[in-house]
Enquirer: 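I am attaching a structure below and will ask some questions about it afterwards.
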Amino acid sequence: MKLKTKLTLGVGLLFLLIVLLSVIGSVYINKLKSDTEKILTANYNSLEFSKNMLLALDNIDTDSAIAVKDFQKNNKLQEKNLTEFGEKEATQNLNLHFNSYLADATHEKEKLIREDLAKIMSLNMKGIERKSDIAIITAENATFWIVSLGTVCFLIAFILLFNLPQTITEPINQLTFSIRQIAAKNYNERVHFKGSEEFNGLAESFNVMAEKLQEYESSSLSKQLMEKKRIETLVNNMHDAVIGLDENHFIYMINDEALKITNLHKEEIIGKTAHEVAVNNDLMRELLKNIDHPVKDPIKIVRDNKENYFEQDIVPINIVKTGEKEKKYIGKVILLRNITPFKELDFAKTNFIATISHELKTPISAIKMGVQLLGNQKFGALNEQQQELLKSINEDGQRLLDITGELLNLSQVESGNIRLTVEKCSPKEIVQTAVKNVEKLAEQKNISINTEYLLEDQDFVAADFDKTVWVMNNFLTNAVKHSFQDEEIKVFVERIEDFIQFSIIDTGSGIDEKYHRQIFDRYFQVPGEHQNGTGLGLAISKNFIEKQNGEIGVKSALNNGSTFYFRLPIA
């Protein structure tokens, strides 16, 4: 609990009890005053009036007129001060007896008057005793409450008197001792207060200060300079370009490799902002453009009349300062990894694949032509075994043609030489052409291909007709391969906002969700399936569709079939 809270509660409670004590005292004093006034005004006056009437009765023989007058005067006052039970009847009897006495003064009538006055005096004396008892009870209650509250106030004041000075002075004394230890360069000193949050916060701040002083004391300038020199040498000898920016994009570090590829001098850029340098430097401008979202594609830089390729990576720098708990952002480092050797190997591989695929395509086509001629039996009749052999050669030849076609398409994709002729195409023509291409394959498994169009006749798509038909062929061929005998494949074409979506739905074994992200990667094939392809078809399809500003995807689950789809913009 905070010290301020403790003081507020203690002193506040004491203040409230004192106020309560004052209020209770005032209430009971006023009550006692009221009880006393009631005795004086009610009973004491009645006794006084009765005494005066007795004196007047005694003086009737000597001074009859004055005595009667005094008696009647006090009797009227008594009639206005009737406060006790039975006092009214006694006063009425007194009036009757006194009037009778005035008419005929006898000793017996005088005796009755004296008895009435005695009864009135007796009633008021008893009233005085009763009201005195009430006043005594009131005084006792007042004494009890005043003493009780006074005791509580005393206890609270006693507790504050003995605890408060110690609560304040003990941490101060401990802090004073620790400050003297720090002044004596004993930076291992720490303080740990128990109790109030204010002193805990003070202790935490003091300990952070001591920790920083200890860190500063244990380090030396020469050591720091040596460490700085070692790091600078390490960074300068890296084969990757390194550019360091602080939190305000000021350049505080750049290595020799980065200076070479940017054609800059160190003294020209250190201490300047990256935006200032980017005004006259194309590479820096390109790096800043992608600084928040690094691009995946390599950056091409021409150096020494040679194309060099670099992979960009942005590394944010966050540190935890001494004595603090939260990380603080202090800048970022731009890394440019030189991937030129790998890119050259990739180009060589692509060229090799393209060359080999192109060279293989001609002899394979010739083989297929020869097989077709033999199949037509123009050179003589074939027996059953020869026909089976020709069929097998024809299927393998077609498979080799498909593979070489995919490899040629892949080489175009990797080299960026995809030739697209985007024009206004009819979605129905695309589907019909693709379906016609796979009809024979579907007939072999007795699979029906049904099409459904949810679009208007005037809806056209902006696409390369041949490339899009190739993608449809690939999707339909895969659907036929993975569907069971006598099943149905649905081709669903619909308009979704500014796109036309083509969906191919099969009822095959489906694809586990964990493979959905990899299904469009090159050479990937779902584990456990009977593989008879290259794993390139879907990867090439993805590139063909994305180059046409479209999207491609899959929805599938095990034993629930698959839906492969792509969408292209409306023309």
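Note: hydrogens, waters and symmetry copies are ignored here, and every other heavy atom, side chains too, is used.
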Enquirer: Would you say the side chain of I505 lies within less than 4.5 Å of the side chain of I489, judging by non-hydrogen atoms?
Expert: no
Enquirer: Does any N or O in the side chain of K445 come within less than 3.5 Å of the main-chain N or O of K481, such that one atom is a donor and the other an acceptor?
Expert: yes
Enquirer: For side chain to side chain contact (heavy atoms under 4.5 Å, CB included), just list the numbers for S426 and F460, CA-CA rounded to whole Å, side-chain angles, deciding distance to a tenth of an Å, and then say yes or no.
Expert: CA-CA 5 Å; S426 168; F460 288 88; 4.0 Å; yes
Enquirer: Is the number of heavy atoms from other residues, nucleotides or ligands under 6.0 Å of E513 CD greater than 12?
Expert: no
Enquirer: Okay, side chain of E546, backbone of N543: is any donor-acceptor separation there less than 3.5 Å?
Expert: no
Enquirer: Quick one: are I270 and F250 in side-chain contact, heavy atoms under 4.5 Å?
Expert: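 No. Closest side-chain heavy atoms not under 4.5 Å.
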Enquirer: Is any side-chain heavy atom of I552 closer than 4.5 Å to a side-chain heavy atom of F475?
Expert: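 SC-SC contact between I552 and F475 confirmed.
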Enquirer: For the side chain of N255 and the backbone of D240, is there at least one donor-acceptor N/O pair under 3.5 Å apart?
Expert: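 Yes: the side chain of N255 pairs with the backbone of D240.
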Enquirer: Kindly indicate whether the side chain of Q312, heavy atoms from C-beta on, has any atom under 4.5 Å from the side chain of L335.
Expert: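 Answer no - side chains too far apart.
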Enquirer: Got a second to check how far K272's NZ is from L264's CG, nearest 0.5 Å?
Expert: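 The CG atom of L264 is 9.5 Å from NZ of K272, to the nearest 0.5 Å.
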Enquirer: Roughly how far, to the nearest 0.5 Å, is CD1 of I330 from CD1 of I319?
Expert: 4.0 Å
Enquirer: Which atom names give the shortest non-hydrogen contact between T563 and S503, and what distance separates them?
Expert: CG2-CB, 4.2 Å
Enquirer: Heavy-atom distance under 4.5 Å between the side chains of H265 and L259, does that happen here?
Expert: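 No, every pair of side-chain atoms sits at 4.5 Å or beyond.
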Enquirer: Taking all non-hydrogen atoms of both residues, which atom of L568 and which atom of A462 are closest, and how far apart?
Expert: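 Distance-wise, the nearest heavy atoms are CB-O, 4.4 Å.
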Enquirer: Check this for me, if you would: do K428 and D457 make a salt bridge, where the nitrogen-to-carboxylate-oxygen distance has to be below 4.0 angstrom?
Expert: yes
Enquirer: Taking the six-membered ring for Trp, are F544 and W470 parallel (under 30°), tilted (30 to 60°) or perpendicular (over 60°)?
Expert: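 F544 vs W470 ring planes: perpendicular.
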Enquirer: Please give me the minimum heavy-atom distance between K266 and I254, naming the atom from each residue.
Expert: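 Looks like CE-O, 3.9 Å.
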Enquirer: Working to the nearest 0.5 angstrom, can you tell me the gap between M253 CE and I243 CD1?
Expert: 9.5 Å
Enquirer: Say whether, by atom type as modelled, one donor and one acceptor occur between the side chain of D506 and the main chain of S483 under 3.5 angstrom.
Expert: no
Enquirer: Should V469 and N437 count as side-chain neighbours, where that means a heavy-atom distance under 4.5 Å?
Expert: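 The answer is yes; the side chains approach within 4.5 Å.
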Enquirer: Would you call the rings of F520 and F564 parallel, tilted or perpendicular, where under 30° means parallel and over 60° means perpendicular?
Expert: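 Rings of F520 and F564: perpendicular, as their planes differ by over 60°.
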Enquirer: Can you measure from CG (N559) to OG1 (T507) and round to the nearest 0.5 angstrom?
Expert: 11.5 Å
Enquirer: For residues 492-504, which residue pairs pass the salt bridge (Lys or Arg N to Asp or Glu O under 4.0 Å) check, not counting sequence neighbours?
Expert: D459-R495
Enquirer: Might you point out which heavy atoms bring F566 and I545 nearest each other, and give the distance in Å?
Expert: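 Shortest heavy-atom separation between F566 and I545 comes out as CD1-CD1, 3.5 Å.
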Enquirer: Could you check I570 against I500 for side chain to side chain contact (heavy atoms under 4.5 Å, CB included), going step by step and ending with a plain yes or no?
Expert: CA-CA 6 Å; I570 291 175; I500 300 292; 3.8 Å; yes
Enquirer: Specify the closest pair of heavy atoms between Y329 and N318, including all atoms of both residues, with the distance to one decimal.
Expert: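 It is CA-OD1, 3.2 Å.
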Enquirer: One pair to check against side chain to side chain contact (heavy atoms under 4.5 Å, CB included): L476 and V491. What are the steps and the verdict?
Expert: CA-CA 9 Å; L476 286 169; V491 180; 3.9 Å; yes
Enquirer: First locate atom CG of L538, then atom CG of N478, and finally report the distance between them rounded to the nearest 0.5 Å.
Expert: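 It comes to 5.5 Å.
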Enquirer: Is the shortest side-chain heavy-atom distance between F492 and T451 below 4.5 Å?
Expert: no
Enquirer: Can you tell me how far apart CD1 (I449) and CD (E488) are? Round to the nearest 0.5 Å.
Expert: 10.0 Å
Enquirer: Is it possible for you to check whether K555 lies under 6.0 Å from the centre of the six-membered ring of Y565, through NZ or CZ, and within 45° of that ring's axis?
Expert: yes
Enquirer: Would you say the side-chain atoms of N560 pair up with the backbone N or O of S556, donor to acceptor, closer than 3.5 Å?
Expert: no
Enquirer: Start with the C-alpha gap between T273 and N248, add the side-chain angles, then the distance that decides, and say whether side chain to side chain contact (heavy atoms under 4.5 Å, CB included) holds.
Expert: CA-CA 8 Å; T273 65; N248 298 313; over 6 Å; no
Enquirer: Please indicate whether K332 has more than 12 foreign heavy atoms, meaning atoms of other residues, nucleotides or ligands, lying under 6.0 Å from its NZ.
Expert: yes
Enquirer: Could you report the tightest heavy-atom contact between Q548 and P569, atom names first, then the distance?
Expert: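 That closest heavy-atom pairing would be O-CD, 3.7 Å.
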Enquirer: With distance as the sole test, does R285 use its side chain to make a donor-acceptor pair with the main-chain N or O of A278 at under 3.5 Å?
Expert: yes
Enquirer: Just so I know, are the side chains of C425 and T468 near enough to count as touching, which here means a heavy-atom distance under 4.5 Å?
Expert: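 A side-chain contact under 4.5 Å is absent here.
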